[in-house]
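Beneath this line is the structure, given in structure tokens, with notes to follow.
Side chains included, hydrogens not; waters and symmetry mates left out as well; all remaining heavy atoms used. Here is how names work: the chains are called A, B, and so on, in the same order as the sequence lines, proteins then strands, and each is numbered from 1.
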Amino acid sequence: MFALVDCNNFYASCERLFRPELEGQPIVVLSNNDGCVIARSNEAKALGIPMGAPEFKYRKQMQAQGVHVFSSNFPLYGDLSARVMSVLEKLSPDLEIYSIDEAFADMRGFNHYDLYLHGLKVRRIVRQWTGIPVSIGMASTKTLSKIANHVAKKTPRTNGVFIFENQTQIDNVLKKIEIGDVWGVGRKWSDSLKNNGIISAHDLAQADENWIRRKYSVVMQRTVQELKGKSCISIEDLPEKKQLLVSRSFRERVTSFQHLRSLLMGYISRACEKLRRQGSVAKSISLFIRTSPFSEGAGYSNSMSISLNQYTADTSTLIKAGAYALERIFKPDYEYQKAGIMLLDIVPDHFQQLCLFQAEKYNDAARKRMKLLDHINAKYGKQTLRFAAESKKRWYMHQDHLSPAYTTRWEDLLVVR
DNA sequence: TCTGGGGTCCTAGGACCC
DNA sequence: TCTGGGGTCCTAGGACCC
């Protein structure tokens, strides 16, 4: 038995937690740059604001309807997520944190429990200890537990906990679930499946597995098996990250090479900090730049990867490689809208394969420099010490509706009177 | 004027090997 | 006129997730 615990409208709930007067009010949270809607409270959903809606297209409507708009505040969401997960870890021993607002739990060993009552208890404790409302779905496979969770969210009389008990019940629910709402079926596949007469989750569960495998992939075949109740996807330990991406859309279009370069070098610096914090090293870097896909006329998009001859977490080495790549792919006279860098071929520092002609891991002096750099920036604030190649402001973003970092900055702590 | 950021997995096809 | 069979490794691109 698997349980899926999912926070309800997570980002919106986080914002509401510190603004209790917004209980029952419509709330939306915007993506970086205040670009589009990435989270909505139930009230906002009811007003017909779609997921992914560009902010500028809905500004008037949202103002007229009194929607409370927030810029995304990831330090806040990350911290509250960690609190929720730590409570869940106490309640369910085998937990897989699947995303910022979801976790799967292996419920084997809970056979002598009343699972429904246990679910209610977990829900109550998480709410009481963190203030975040969650829903819980349970079933014999991960894919079905996703669907059970959906039922728990949509059906008030479940009290936020729903468990698939028998096949008749599963069949009845699957018939009502649209194919596109099944975990693992995105828009492309959903369109294609519909053309082949597969409309509901139940249709997919009945489909011929071999045909699915041939026409789509082994991934979709697994989804079919999971819908039938045969578990193919197990609880996983948190795997090491294999790639690390830092990218941003720009607030204003960037045209100059110097400017683009200084921004990208800042991204590299940021990525290297993350890499060192997780105790890893990387051996290749990829860099991309592009114009807006929405603007008319000829656009330009290009990327380049560079392989290093040894693993490293040294910012200056990677900045050099990144700068080289940018010189190759930069074309003048374009208005760049987005750029980013990716570190690839990442392994734990203690696990790296050395080069035949290289006696030791990456340069001792560089290692010490990075340690010092991280130490100073941790103590005196971000970018106290930075590379000359990176811009002082790493990215300039629109964040016109940002809430305080209530739980991660001393200055933003709530004051109780 | 304005449309996010950060990931994973699988497959096809090319380059290469004997 | 006729040109094998069996493999590995890597990369780009496409699908998916939240």
Handout entry: Where DNA chain B forms stems, i.e. three or more consecutive Watson-Crick or G-U pairs with both distances under 3.5 Å
Key =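 Stems (3+ consecutive pairs) listed as B:5-18 with C:5-18.
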Any side-chain N or O of [X] under 4.0 Å from OP1/OP2 of [N]?
X: A:R187; N: C:dC17; value: no
X: A:S292; N: B:dT3; value: no
X: A:R222; N: B:dC9; value: no
X: A:R253; N: B:dT1; value: no
X: A:K146; N: C:dC18; value: yes
X: A:K242; N: B:dC9; value: yes

Whole-Å distance separating the [atom1] atom of [X] from the [atom2] atom of [N]:
X: A:Q337; N: B:dC2; atom1: CD; atom2: P; answer: 9 Å
X: A:M397; N: B:dC2; atom1: CE; atom2: C1'; answer: 16 Å
X: A:F250; N: B:dG5; atom1: CZ; atom2: P; answer: 9 Å
X: A:I100; N: B:dG4; atom1: CD1; atom2: P; answer: 19 Å
X: A:K215; N: C:dG14; atom1: NZ; atom2: C1'; answer: 15 Å
X: A:R270; N: B:dG5; atom1: CZ; atom2: C1'; answer: 12 Å
X: A:Y98; N: B:dT8; atom1: OH; atom2: P; answer: 12 Å
X: A:K153; N: C:dC18; atom1: NZ; atom2: P; answer: 10 Å

Exercise for the section: Please indicate whether A:R253 has more than 12 foreign heavy atoms, meaning atoms of other residues, nucleotides or ligands, lying under 6.0 Å from its CZ. Expected result: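 Yes, because the 6.0 Å sphere around CZ of A:R253 holds more than 12 heavy atoms from other groups.
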Any idea which of [options] is nearest the [X] side chain?
X: A:S99; options: B:dT3, C:dC18, C:dC16; answer: C:dC18
X: A:R213; options: B:dT3, C:dC17, B:dT11; answer: B:dT11
X: A:K241; options: C:dA15, C:dC17, B:dT8; answer: B:dT8
X: A:N32; options: B:dG7, B:dG5, B:dT3; answer: B:dG5
X: A:S247; options: B:dT11, B:dG6, B:dG7; answer: B:dG6
X: A:I38; options: C:dC18, B:dG4, B:dC2; answer: B:dG4
X: A:K338; options: C:dC18, B:dG5, B:dT3; answer: B:dG5

Handout entry: Basic-acidic side-chain contact under 4.0 Å: A:K146, A:E226
Key =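 A salt bridge is absent here (no side-chain N lies under 4.0 Å from a carboxylate O).
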Practice task
Taking only Lys NZ, Arg NE, NH1 and NH2, and the carboxylate oxygens of Asp or Glu, determine whether A:R290 and A:E335 approach each other closer than 4.0 Å.
Solution key: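 Looking at A:E335 together with A:R290, the answer is no, because their closest N to O distance does not fall below 4.0 Å.
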With a non-hydrogen cut-off below 4.0 angstrom, is [X] in contact with a base, only sugar-phosphate, or nothing?
X: A:V182; result: sugar-phosphate
X: A:E102; result: sugar-phosphate
X: A:D101; result: sugar-phosphate
X: A:R59; result: base

Handout entry: side-chain hydrogen bond (donor to acceptor under 3.5 Å, both in side chains) partners for A:S403, two or more places apart
Key =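 Expected list: A:E15, A:N73.
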Problem - Of A:Y336, A:Y334, A:F330, the residue whose pairing with A:F257 passes ring pair (Phe, Tyr, Trp, His ring centres under 6.0 Å) - result: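 Single pass found, and it is A:F330.
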Practice task
Would you say whether A:F294 stacks on B:dT3? The test is a distance between ring centres of less than 5.5 Å and an angle between planes of less than 30°.
Solution key: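 Ring-base stacking flag set for A:F294 and B:dT3.
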Exercise for the section: Mind telling me whether A:F104 and A:W183 have parallel, tilted or perpendicular rings, with 30° and 60° as the class edges? Expected result: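 Aromatic pair A:W183/A:F104 classed tilted.
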Acceptor/donor pairs from residues 228-239 of chain A side chains to any protein atom, 3.5 angstrom cut, sequence neighbours excluded:
{"from": "A:K228", "atom 1": "NZ", "to": "A:E209", "atom 2": "OE2", "distance (Å)": "3.3"}

Practice task
With DNA chain B as reference, determine whether A:Y216 or A:F74 sits nearer its 5' end, using the nearest nucleotide of each.
Solution key: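 Result: A:F74.
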Handout entry: 5′-ward residue of the pair A:L244/A:C36 relative to DNA chain B
Key =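 Checking each residue's closest nucleotide, the 5'-ward one belongs to A:C36.
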Problem - Close side-chain approach of A:K382 and A:N377, heavy atoms under 4.5 Å - result: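 SC-SC contact between A:K382 and A:N377 ruled out.
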Handout entry: Whole-angstrom distance between C:dC18 and B:dT3, as gauged at atom P
Key =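 The same atom, P, in both gives a distance of 25 Å.
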Exercise for the section: Kindly indicate whether a cation-pi arrangement holds for A:K338 with A:F250, taking the cut-offs as under 6.0 Å to the six-membered ring centre and within 45° of the axis. Expected result: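 No.
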